[in-house]
Asker: 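Got a structure for you, written out below as structure tokens; questions coming shortly.
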Amino acid sequence: MPTSPRAHWLFGDQLGPHFLTPGPDGPAGNAPLVMIESRAVFRRRPFHRAKAHLLLSAMRHRAAELGDRVTYVRAETYREGLRTALGGRSATVHHPTSRAALGLVQSLPQVALLPARGFLVDQEAFRTWADGHAGARLRQEGFYRWVRRDHDLLMDGDQPLGGRWNLDSDNREPPPGDRATLPVPAPYRPREDEIDDEVRHDLDTWERTGEVRFVGRDGPRRFPATRREALAALRRFLADRLPTFGPYEDAMLAADPVLSHSLLSSSLNLGLLDPWEVLERAERAYRAGEAPLNSVEGFVRQICGWREYVWQLYWYFGEGYRRANRLRHRAPLPEWFAALDADAVEARCLHTVLAQVRDTGWTHHIPRLMVLGSYALQRGWDPAAVTDWFHRSFVDGYDWVMLPNVVGMSQYADGGRMTTKPYTSGGAYVNRMSDLCAGCAYRPDVRVGDRACPYTAGYWSFLHRHREAFAHNARMAQPVRGLERLRDLDALLEQEKERGDGAP
């Protein structure tokens with residue numbers, strides 16, 4: 001007599017069809033499915049409300065698509081939900097995306113762990129590659145080239161298309177000086193439905209009763225919550241925005257926070273899109289003459305270079321990486337920053353970007369790195385607290401995403417295991433790459449006085465605090481030597497001490 005297949009558990013970031021593909025490393029083709037909505041996830045700390053809305057909407061939409069095949073349980077915890085859904089039955093689950101979730105799965109004897117999906121490189125293959133460097137720093141560029149070769153992405157035989165692996169030098173243009181927005185079609189915007197109404201009603205109730213506290217605003221949903229919406233967003237990006245993505249991918253405009261960016265990170269991180277299908281379609285766009293190589297290469301690098309690299313390092317570096325703090329930064333996040341209180345901030349760049357996060361739960365990578373992260377680094381905020389803030393405040397933020405991105409890239413807390421230098425600058429960089437300095441109360445070229453730019457003064461104060469640590473860094477030695485030329489350094493340091501962590 002045939003036995004019933006084991007149930008299969010879907011986490012809330014495993015929502016695409018590739019998580020149900022049967023096979024030796026997948027669930028049975030007719031496996032009953034389990035999804036669990038855990039209230040405890042939102043009670044632990046205040047997430048951005050738009051993030052909570054997107055996650056619950058995506059889960060509930062997926063459950064509606066799966067119909068009678070899925071048992072959808074709303075419970076206090078995952079354990080409680082599993083008891084309700086499974087009883088004494090066993091289940092399978094694909095490798096989750098956080099160490100906490102993996103620990104939970106491994107503690108459940110009735111749940112069998114299947115390999116991860118939604119990424120390009122097997123974790124053991126990465127470990128072999130990384131171990132082969134014999135302790136050398138694991139630079140993203142070397143990993144990126146390995147993945148391109150191994151997956152035959154943008155390749156001409158054994159050489160990169162166009163003769164260069166990295167076209168970054170073609171993709172650093174400042175925004176057009178005569179425009180407030182880029183002349184490109186708007187990104188795809190989904191339409192809300194009754195499931196979104198239900199989610200918003202539930203979130204309102206939780207907040208009103210004091211069960212859960214959120215930060216940020218939950219306006220009409222901006223990001224896909226279904227596979228159909230995610231594919232529509234991908235098609236719109238490839239057709240209308242990929243051609244202009246490259247040149248301005250590092251630019252910032254106050255009135256155009258999206259520019260030509262894809263807005264696909266949340267869809268990839270929810271599992272609605274598989275990275276391989278996104279990469280294949282982008283390459284097809286180039287080979288069909290629909291987008292230039294510099295734009296396609298820059299986009300491909302974001303996915304098979306950086307996204308994949310961050311996923312692999314999250315597991316390779318281990319849990320101790322979370323405590324990395326080479327610069328010994330201990331200051332707590334000020335309340336105005338933690339609460340996304342953009343109205344408390346006068347500096348136009350920080351006010352604008354913090355308002356974007358407050359209103360949408362998203363900004364692109366340069367505001368994250370060179371406005372938000374740079375400010376935190378200059379002030380010496382605790383990197384673990386900064387990591388948690390990014391995790392909670394962004395719709396595409398997950399533990400695996402933010403831990404390497406913030407600890408390694410943004411806050412240089414690992415002392416250079418990921419990057420060759422701290423990513424911070426004075427106001428001149430923001431002024432060159434954006435229109436955010438226009439009309440600001442501060443001047444990017446002023447470091448002392450009432451109009452002293454918080455980033456310019458903060459940059460020199462940061463270098464002074466860590467001058468010994470950076471004096472022998474090949475990429476930082478020259479800026480450190482520049483401290484000797486600052487005749488107003490003492491006044492600058494006293495000024496920054498008095499400013500403290502008040503809103504600039």
Side-chain angles (χ1 to χ4, degrees), residues 9-15 34-66 70-86 96-98 100-101 104 190-226 266 269-270 332-344 354-362 385 387-399 402:
W9 176 16
L10 290 172
F11 274 100
D13 54 1
Q14 298 176 343
L15 303 181
V34 172
M35 296 178 69
I36 301 166
E37 188 179 297
S38 167
R39 187 84 58 89
V41 169
F42 299 109
R43 282 182 172 163
R44 294 184 192 122
R45 55 202 198 278
F47 283 90
H48 198 294
R49 176 150 164 163
K51 179 190 182 81
H53 184 150
L54 177 62
L55 175 59
L56 294 182
S57 178
M59 290 181 67
R60 295 180 187 183
H61 275 97
R62 184 59 170 146
E65 293 168 354
L66 292 168
V70 67
T71 299
Y72 192 92
V73 180
R74 301 181 189 184
E76 181 61 25
T77 67
Y78 286 122
R79 289 182 186 274
E80 177 187 310
L82 279 176
R83 284 195 298 268
T84 300
L86 294 177
T97 59
S98 75
L104 169 65
R191 293 183 180 180
E192 291 195 354
D193 58 17
E194 64 277 4
I195 292 179
D196 289 293
D197 292 340
E198 177 194 58
V199 168
R200 187 165 285 114
H201 175 268
D202 287 347
L203 297 179
D204 286 343
T205 300
W206 297 351
E207 280 196 292
R208 187 169 56 251
T209 60
E211 292 182 73
V212 175
R213 184 168 62 92
F214 297 109
V215 296
R217 298 172 180 174
D218 175 24
R221 180 165 55 81
R222 295 170 177 265
F223 303 93
T226 68
S266 62
N269 294 351
L270 284 168
L333 269 61
E335 178 58 27
W336 60 267
F337 191 87
L340 307 180
D341 186 4
D343 294 334
L354 201 60
Q356 290 167 4
V357 179
R358 176 197 65 198
D359 296 342
T360 70
W362 185 89
T387 300
D388 179 68
W389 181 87
F390 272 95
H391 180 178
R392 294 183 292 104
S393 300
F394 282 80
V395 294
D396 55 6
Y398 291 83
D399 195 48
M402 293 306 181

Asker: Can you tell me how far the CG atom of D196 sits from the NE2 atom of H201, to the nearest 0.5 Å?
Answerer: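 The NE2 atom of H201 is 14.5 Å from CG of D196, to the nearest 0.5 Å.
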Asker: Hey, are the side chains of F42 and L56 touching, using non-hydrogen atoms and a 4.5 Å cut-off?
Answerer: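 Yes - at least one pair of side-chain heavy atoms lies under 4.5 Å apart.
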Asker: State whether E80 and R83 are salt-bridged, where the test is any N-O pair (Lys NZ or Arg NE/NH1/NH2 against Asp/Glu carboxylate O) under 4.0 Å.
Answerer: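 Salt bridge flag = no for R83 with E80.
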Asker: Are a donor atom and an acceptor atom from the side chains of H53 and R221 found within less than 3.5 Å of each other?
Answerer: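 Their side chains do not contain a donor-acceptor pair, so the 3.5 Å distance test is not met.
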Asker: Quick one: does E37's side chain have a donor or acceptor within less than 3.5 Å of a partner on V73's backbone?
Answerer: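 It does not hold such a pair.
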Asker: Walk me through it: do W389 and F394 pass the test side-chain contact (heavy atoms from CB on, under 4.5 Å)?
Answerer: CA-CA 9 Å; W389 181 87; F394 282 80; 4.0 Å; yes
Asker: Specify the closest pair of heavy atoms between S266 and L54, including all atoms of both residues, with the distance to one decimal.
Answerer: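 Smallest interatomic distance, heavy atoms only, reads CB-CD2, 4.0 Å.
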Asker: Under a 3.5 Å threshold, yes or no: a donor from one side chain and an acceptor from the other, between S57 and H61?
Answerer: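 Yes, H61 and S57 have a side-chain donor paired with an acceptor closer than 3.5 Å.
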Asker: Taking C-beta and beyond as the side chain, do I36 and L82 meet within less than 4.5 Å on heavy atoms?
Answerer: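 The answer is yes; the side chains approach within 4.5 Å.
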Asker: Identify the two heavy atoms, one from T77 and one from A40, that lie closest to each other, and give their separation to 0.1 Å.
Answerer: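 Heavy-atom minimum between the residues: CG2-CB, 4.2 Å.
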Asker: Taking side-chain hydrogen bond (donor to acceptor under 3.5 Å, both in side chains) as the test, write out the residues that go with D197, two or more places apart.
Answerer: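 For D197 there are no side-chain hydrogen bond (donor to acceptor under 3.5 Å, both in side chains) partners, ignoring immediate neighbours.
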Asker: Can you confirm whether M402 sits close enough to R392 that some side-chain heavy atom of one is under 4.5 Å from a side-chain heavy atom of the other?
Answerer: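 M402 does not reach R392 side chain to side chain.
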Asker: Would you say that R43 contacts R213 through its side chain, given a criterion of any heavy-atom pair below 4.5 Å between the two side chains?
Answerer: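 Of all side-chain heavy-atom pairs linking R213 with R43, none is under 4.5 Å.
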Asker: Under a 4.5 Å cut-off applied to non-hydrogen side-chain atoms, are K51 and F214 in contact?
Answerer: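 No, every pair of side-chain atoms sits at 4.5 Å or beyond.
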Asker: Is it the case that the side chain of S393 and the backbone of F390 share a donor-acceptor pair, with hydrogens and angles ignored and the cut-off at 3.5 Å?
Answerer: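 Judged by distance alone, no pair lies under 3.5 Å.
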Asker: Taking all heavy atoms of A58 and all of L15, pick out the closest pair and write down the distance.
Answerer: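 Smallest heavy-atom distance, with atoms named: CB-CD1, 3.5 Å.
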Asker: Are any of the side-chain heavy atoms of D341 and D343 separated by less than 4.5 Å?
Answerer: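 The answer is yes, as the side chains (C-beta and beyond) meet within the 4.5 Å cut-off.
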Asker: Taking E198 first and then R74, would you say they form a salt bridge - that is, a charged N and a carboxylate O separated by under 4.0 Å?
Answerer: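 Yes, charged N to carboxylate O under 4.0 Å.
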Asker: I'd like to know if R39 pairs up with E211 as an ion pair, taking the criterion as any Lys NZ or Arg NE/NH1/NH2 lying under 4.0 Å from an Asp or Glu carboxylate oxygen.
Answerer: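 Here R39 pairs with E211 in a salt bridge, since their nearest N and O are under 4.0 Å apart.
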Asker: How would you list, by chain and number, every residue that makes a side-chain hydrogen bond (donor to acceptor under 3.5 Å, both in side chains) with R217, sequence neighbours excluded?
Answerer: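 Result, side-chain hydrogen bond (donor to acceptor under 3.5 Å, both in side chains) vs R217: D359.
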Asker: Between D202 and V199 (side chain of the first, backbone of the second, donor and acceptor by atom type, cut-off under 3.5 Å), is there such a pair?
Answerer: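 Absent.
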Asker: If you define the side chain from C-beta out and look only at heavy atoms, does anything of V34 sit under 4.5 Å from L86?
Answerer: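 They are in contact (side-chain heavy atoms under 4.5 Å apart), so the answer is yes.
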Asker: side-chain contact (heavy atoms from CB on, under 4.5 Å) for Y398 and D13? Distances and angles first, verdict last.
Answerer: CA-CA 10 Å; Y398 291 83; D13 54 1; 4.1 Å; yes
Asker: Have H48 and D218 got a donor and an acceptor in their side chains that come within less than 3.5 Å?
Answerer: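 H48 vs D218: no donor-acceptor pair found between side chains.
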Asker: Quick one: are T71 and T84 in side-chain contact, heavy atoms under 4.5 Å?
Answerer: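 Result no, sub-4.5 Å side-chain heavy-atom pair not found.
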Asker: Compare every heavy atom of I195 with every heavy atom of D193, then report the nearest pair and how far apart it is.
Answerer: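 Residues D193 and I195, closest heavy atoms: OD1-N, 3.0 Å.
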Asker: Check F223 against P190 and note the closest heavy-atom contact, atom names and distance.
Answerer: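 The pair with the smallest heavy-atom distance is O-CG, 3.7 Å.
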Asker: Take L354 and W336 through the test side-chain contact (heavy atoms from CB on, under 4.5 Å) and record every step on the way to the result.
Answerer: CA-CA 10 Å; L354 201 60; W336 60 267; 4.1 Å; yes
Asker: Is there a side-chain contact (heavy atoms from CB on, under 4.5 Å) between M35 and W9? Walk through the geometry before answering.
Answerer: CA-CA 6 Å; M35 296 178 69; W9 176 16; 5.9 Å; no
Asker: Would you mind telling me which of D396, T226, L55, V395 makes a side chain to side chain contact (heavy atoms under 4.5 Å, CB included) with L270?
Answerer: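 Of D396, T226, L55, V395, side chain to side chain contact (heavy atoms under 4.5 Å, CB included) with L270 is met by L55 alone.
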Asker: Rounded at 0.5 Å granularity, tell me how far NE2 in H391 sits from CG in D399.
Answerer: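 That separation rounds to 6.0 Å.
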Asker: For the backbone of D204 and the side chain of E207, can you confirm whether one donor and one acceptor N or O come within less than 3.5 Å of each other?
Answerer: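 Between the backbone of D204 and the side chain of E207 there is no qualifying donor-acceptor contact (under 3.5 Å).
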